[in-house]
There are 2 protein chains.
Amino acid sequence: MFLSTSHNKIDLKCRVSIPASFRMNLEKLKEPLILFKSLQFPCIEGTTLKRMQRYINAIDELDALSDDAFLLRMMMADSFEIKLDINGRVVIPDILMSFASLNNKAVFMGIGESFYIWSPSEYENQYNKSQKILYEKGPPKLILKKNE
Amino acid sequence: MFLSTSHNKIDLKCRVSIPASFRMNLEKLKEPLILFKSLQFPCIEGTTLKRMQRYINAIDELDALSDDAFLLRMMMADSFEIKLDINGRVVIPDILMSFASLNNKAVFMGIGESFYIWSPSEYENQYNKSQKILYEKGPPKLILKKNE
DNA sequence: TTAAATCCCATGCTATCCCATAATATTAAT
DNA sequence: ATTAATATTATGGGATAGCATGGGATTTAA
């Protein structure tokens, strides 16, 4: 699982260290890493190849001409299978750098099955927004299921 | 799996490099490459012979005299099994060049099980369209199934 | 025999790999 | 508890291999 938040530097070659705990999770799952444009936020989403496969399978289940199928295909087009170097770093593709307004700092935010990579300023915006919602509407109501 | 987007040059002999990651996918699957006219867009679709077989099988499931069957057969007629040269390039048949309004630049767009080849301007149209839909209707709602 | 398609070699560029070092966290020892 | 020793993680930069592309040689077809 991807949990916790950390701030890492992006160098001139657009390289950045994936937090060690995230790396260990990928290694444990023996899964390659996929990076793609988030459909909800101006940030990059990271996940496993296996999970991406589920999106792809979902496309064939949909009406091929529908908006949803169209958007999912566009999502695939902006997805990249990324190899880590020996030090646990990745190179962030240009397309994703500019989409997420990244330049020299990245905020890694684990959210369970996947994680986000934010620019520090966008992250702050998002964080403030969440605090505001929490203050105005109170905490979310959750029904937890047992593990299978 | 075909993922990511890249821009390659088409030379005077109508040759173009298939992106290395797409090539590796074909090699891993030990599958020949098929190029054909997309049924939905003014672009070329590329996929494996195996997946093309599934389209062919699908025809038999249809009413043989229906419009759908007719369209699918026309699609097959403009399908080509393409060999890669030693550097990973293919020659795009004239029929497909003009169908997709290609001349000296090609945009390769991976969409999972297959990929598209667009002219840069058509690709841009398509991308803008997706951003508009995303903005107006929000992200696709998906319930993901577990992988088998 | 000429034109066109295919194959193969050459080159510049860029992304990837690998080593070195700096920073941080963890353990051990006094 | 404080300091020292060690391991782990993060970052910088140079060497290298692989990719995209141009062009010429060889084969195939008309």
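Residue numbering restarts at 1 for every chain, and letters A, B, ... go by the order of the sequence lines.
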Trainee: Mind checking if A/Ile18 touches a base, just sugar-phosphate, or nothing, with heavy atoms under 4.0 Å?
Mentor: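 A/Ile18: backbone/sugar contact only, no base atoms under 4.0 Å.
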Trainee: Looking at A/Phe80 versus A/Phe36, is the centre-to-centre ring distance below 6.0 Å?
Mentor: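 No, the ring of A/Phe80 stays outside the 6.0 Å limit from the ring of A/Phe36, centre to centre.
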Trainee: Specify the separation, in whole Å, of atom CD1 of A/Ile10 and atom P of D/dA10.
Mentor: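 In whole Å, D/dA10 P and A/Ile10 CD1 are 14 Å from each other.
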Trainee: At less than 4.0 Å, is any side-chain N or O atom of A/Arg89 found next to OP1 or OP2 of C/dA15? Yes or no.
Mentor: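 It does not, given that no N or O in the side chain of A/Arg89 lies less than 4.0 Å from OP1 or OP2 of C/dA15.
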Trainee: Over how many whole Å does the gap from A/Asp11 atom CG to C/dC17 atom C1' extend?
Mentor: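 Between C1' of C/dC17 and CG of A/Asp11: 14 Å.
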Trainee: Is there a path from A/Phe2 to A/Phe108 through hydrophobic residues (I, L, V, M, F, W, Y) whose side chains come within less than 4.5 Å of each other?
Mentor: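 Yes, it is one cluster - the side chains of A/Phe2 and A/Phe108 are joined through contacts under 4.5 Å.
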Trainee: Could you state the atom-to-atom distance from CD1 of B/Ile92 to P of C/dT6 in whole Å?
Mentor: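 That distance rounds to 13 Å.
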Trainee: Closer than 4.0 Å, any side-chain N/O of A/Lys9 to the OP1 or OP2 of D/dG12?
Mentor: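 For D/dG12, OP1 or OP2 has a side-chain N or O of A/Lys9 closer than 4.0 Å.
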Trainee: Are the side chains of B/Pro139 and B/Leu134 in touch, meaning some heavy atoms are under 4.5 Å apart?
Mentor: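 In contact.
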Trainee: In whole Å, what is the span from the NE2 atom of A/His7 to the P atom of D/dT9?
Mentor: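 Between P of D/dT9 and NE2 of A/His7: 19 Å.
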Trainee: C/dC8 C1' sits how many Å from B/Arg15 CZ, rounded?
Mentor: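 For the pair B/Arg15 CZ and C/dC8 C1', the rounded distance is 10 Å.
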Trainee: Starting at atom CG of A/Leu96, determine the distance to atom P of C/dA15, rounded to an integer number of angstrom.
Mentor: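 Whole-Å distance recorded here is 14 Å.
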Trainee: List the steps, then state whether salt bridge (charged side-chain N to carboxylate O under 4.0 Å, His left out) holds for A/Asp67 with B/Lys132.
Mentor: CA-CA 11 Å; A/Asp67 282 348; B/Lys132 201 175 160 213; over 6 Å; no
Trainee: For D/dT11, does the base pair up with any side-chain atom of A/Asn87 as donor and acceptor (N or O, under 3.5 Å, distance only)?
Mentor: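 Yes, a donor-acceptor pair under 3.5 Å.
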Trainee: Could you tell me the separation between the CD atom of B/Glu27 and the P atom of D/dG18, rounded to a whole number of Å?
Mentor: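 After rounding, the gap between these two atoms is 13 Å.
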Trainee: So, under a plain 3.5 Å distance rule, would you say the side chain of A/Lys13 forms a donor-acceptor pair with the base of D/dG14?
Mentor: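 Per atom types, the contact qualifies.
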Trainee: Rounded to the nearest Å, what distance is computed from the CZ atom of residue B/Arg23 to the C1' atom of nucleotide D/dT21?
Mentor: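 So the two atoms are 12 Å apart, to the nearest Å.
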